[in-house]
2 protein chains.
Amino acid sequence: MTRRERLRAETAAEIKSVALKLMYEGGPGAISLRAIAREMGMTAGAIYGYFDTRDDLITALIADLYNAFADTLDAARAAEPEDDPAARIIAHGLAFRRWAIDYPAEFRLVYGDPLPDYQPPEQSPAIEAEQRLCKGVADMVAAAWPRAAAMYAKDDFSWDDFTSVLAGLIREWHPELPPAGVALCLRVWGRLHGLVALEVYGHLRPHVTDPTKHYLAELHDLVRSLGL
Amino acid sequence: MTRRERLRAETAAEIKSVALKLMYEGGPGAISLRAIAREMGMTAGAIYGYFDTRDDLITALIADLYNAFADTLDAARAAEPEDDPAARIIAHGLAFRRWAIDYPAEFRLVYGDPLPDYQPPEQSPAIEAEQRLCKGVADMVAAAWPRAAAMYAKDDFSWDDFTSVLAGLIREWHPELPPAGVALCLRVWGRLHGLVALEVYGHLRPHVTDPTKHYLAELHDLVRSLGL
DNA sequence: AAACTTTCTACACGGCGTTCACTACCAACA
DNA sequence: TGTTGGTAGTGAACGCCGTGTAGAAAGTTT
């Protein structure tokens, strides 16, 4: 790696980190090329040497955040014993909410649509991180499947209900999981997501005094509905 | 109502409807005072005679949409027999998803954060619509409560777990519902919301061929978990 | 017809993403 | 070592944006 390449990579990294700093301080709307450049003592145009467009920068940020987020969740699960699926699910869920509440701007960037007219590209690098997250959920459901199968195995799903990408990955990770189990994964994901999304966007606060308590209750319901 | 007031109300309504039209065509980011004015043959400044600021206009739009949305859900539930709570829940859920998928920009406006730096006001008129939606969910849970109570009545909730506003409303609507039932309402809301939010923001499409099928399965799970 | 109120325009300010011609500068080659 | 070529960055411009303000035009009231 030549000196030039190193400097170039450092500048690109600085652009991203300054963008994150701006987002911490002023929400996703505070990410502007001009503000980033100002903060770095540059001109806005200079950033175009590193990212073709503002959306490309956002896309790179999302991928970074999503991966860091997946790391967090992986770690949270790994901290619980492997033979206690229920504990792992609850740890995962709480870590998910913790991250969303502590870093709402990041959550909006990854799971929402905070920049107007921003169109996530077809083949986003964030998809890889999303697949990591899917794997996490799949691990949990697979661990619970021996008990959950009784309730869900008769669900009418086939491999055609998933994109070939997902079907391929799941069969590689957990060959024992039937289509009904994969469908269950997605529903579990949705269930983990629902209350947190409502809370982050301010729809729980007007009704509830302690959102954590309700989310924990939902996690317990979830664990119960998996037969654990 | 004087002629002036009528004209004024008409203009305000036209501003909102043009804003909606722009949003249909170009997403929430296409709502700009200048574009609205251009479309109406006016100047941007003129709009300030009707709304103090762009955010006020957005707030009014959200309230309108949220109310229309609540109407839709109310109607969907009312179309099913009153003594069939399961059918009502499923009808409500499907109508919810239908609306979200058919009008994604509206969904983002109501449940997301589509305009950067837009801060929902403390006492938004949308809260009233949200309470209507809460009532809808509460109606469904209350109808299911006779069967669901066995599973959830022992949950450790009290009236202190809700804001006094919500607690007051619920006790007025459904005096028979205990705190555990109200908590269940919120979790049901979250569950209805989760998969739909993921889908609207494009997180389901890369994994799933027919989102409706999975959402319907989730609704059936939900109904089952309510003992219906 | 005069006085007053409401409505809207014209213009300005600063901020935005993006483009483009141009200038420093650094690295390698003669 | 001196020259050359690519690279990083500038600065001005374009057309957007929300938001104010001063003043004109139109309608309403007396």
Side-chain angles (χ1 to χ4, degrees), chain A residues 1-16 18-19 21-23 25-62 105 109 113-121, chain B residues 1-16 18-19 21-23 25-62 105 109 113-121:
Chain A
M1 199 176 193
T2 102
R3 172 183 151 75
R4 268 211 139 101
E5 287 171 328
R6 208 182 53 235
L7 284 181
R8 185 177 175 74
E10 274 171 17
T11 308
E14 188 184 353
I15 291 172
K16 290 197 285 186
V18 170
K21 196 189 110 201
L22 290 171
M23 187 172 68
E25 292 167 1
I31 305 180
S32 83
L33 298 188
R34 293 186 123 104
I36 295 170
R38 214 177 296 130
E39 197 86 6
M40 295 176 65
M42 289 203 323
T43 328
I47 298 183
Y48 284 83
Y50 299 88
F51 299 92
D52 279 351
T53 177
R54 190 201 60 149
D55 280 13
D56 282 8
L57 169 58
I58 300 291
T59 302
L61 279 182
I62 290 178
L109 212 52
D113 180 33
L115 286 312
D117 307 328
Y118 170 75
Q119 290 288 24
Chain B
M1 199 176 192
T2 102
R3 172 183 149 79
R4 264 210 143 105
E5 287 171 329
R6 209 184 52 235
L7 284 180
R8 186 178 174 74
E10 274 171 18
T11 307
E14 188 185 353
I15 290 172
K16 290 197 284 187
V18 170
K21 196 189 110 199
L22 290 170
M23 188 173 66
E25 292 166 2
I31 304 180
S32 82
L33 297 188
R34 294 185 122 102
I36 295 170
R38 212 179 296 129
E39 197 86 7
M40 295 176 63
M42 290 202 321
T43 331
I47 298 183
Y48 284 85
Y50 300 88
F51 299 93
D52 281 351
T53 176
R54 191 201 61 148
D55 280 13
D56 282 7
L57 169 58
I58 300 292
T59 301
L61 280 182
I62 291 178
L109 212 52
D113 179 34
L115 286 310
D117 306 328
Y118 169 75
Q119 292 287 26

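In the text below, chain A, chain B and the rest are named by the order of the sequence lines, each starting its count at 1.
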Which nucleotides of nucleotides 25-30 of chain C have their base under 4.0 Å from a protein heavy atom (B), which only their sugar-phosphate (S), and which neither (-), written as one string 5' to 3'? --S---

Please name the pair of heavy atoms, one in A:Leu57 and one in A:Lys16, separated by the smallest distance, quoted to 0.1 Å.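 It is CD1-CG, 4.0 Å.
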
Side-chain donor-acceptor pairs under 3.5 Å in residues 28-53 of chain B, sequence neighbours left out?
{"from": "B:Ser32", "atom 1": "OG", "to": "B:Ala35", "atom 2": "N", "distance (Å)": "3.0"}
{"from": "B:Glu39", "atom 1": "OE2", "to": "B:Lys21", "atom 2": "NZ", "distance (Å)": "2.3"}

Specify the residues of residues 34-44 of chain A, ordered by number, for which at least one heavy atom lies under 4.0 angstrom from an atom of DNA chain C.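 Listed by number, they are A:Arg34, A:Arg38, A:Ala44.
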
Does anything in residues 47-59 of chain A come within less than 4.0 Å of DNA chain C? Heavy atoms only, and list the residues if so.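 Hits under 4.0 Å, by residue number: A:Tyr48, A:Thr53, A:Arg54.
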
Any residue in residues 6-14 of chain A with a heavy atom nearer than 4.0 angstrom to DNA chain D? Just list them by number, or reply none.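 A:Arg8 - these, ordered by number, are the residues of the stretch whose heavy atoms sit under 4.0 Å from the strand.
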
At the 4.0 Å heavy-atom cut-off to chain A, mark where contacts on DNA chain D begin and end, going 5' to 3'.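 That gives a stretch of D:dG6 to D:dA13.
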
Partners of A:Thr59 by side chain to side chain donor-acceptor pair (under 3.5 Å), sequence neighbours excluded?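 Partners of A:Thr59 under the side chain to side chain donor-acceptor pair (under 3.5 Å) test: A:Tyr118.
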
Among pairs that include at least one residue of residues 1-11 of chain A, which meet side chain to side chain donor-acceptor pair (under 3.5 Å), considering only residues two or more places apart or in two chains?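 Non-adjacent pairs meeting side chain to side chain donor-acceptor pair (under 3.5 Å): zero.
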
Expressed in angstrom and rounded to an integer, what is the separation of A:Leu33 atom CG from C:dC16 atom P?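 Checked: the CG to P distance equals 9 Å.
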
Could you list, one pair per line, each protein nitrogen or oxygen that sits under 3.5 Å from a nitrogen or oxygen of nucleotides 20-24 of chain C, together with the distance?
none

Between B:Ile31 and A:Ala46, which has a closest nucleotide on DNA chain D that is more 5'?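 Whichever sits nearer the 5' end wins; that is A:Ala46.
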
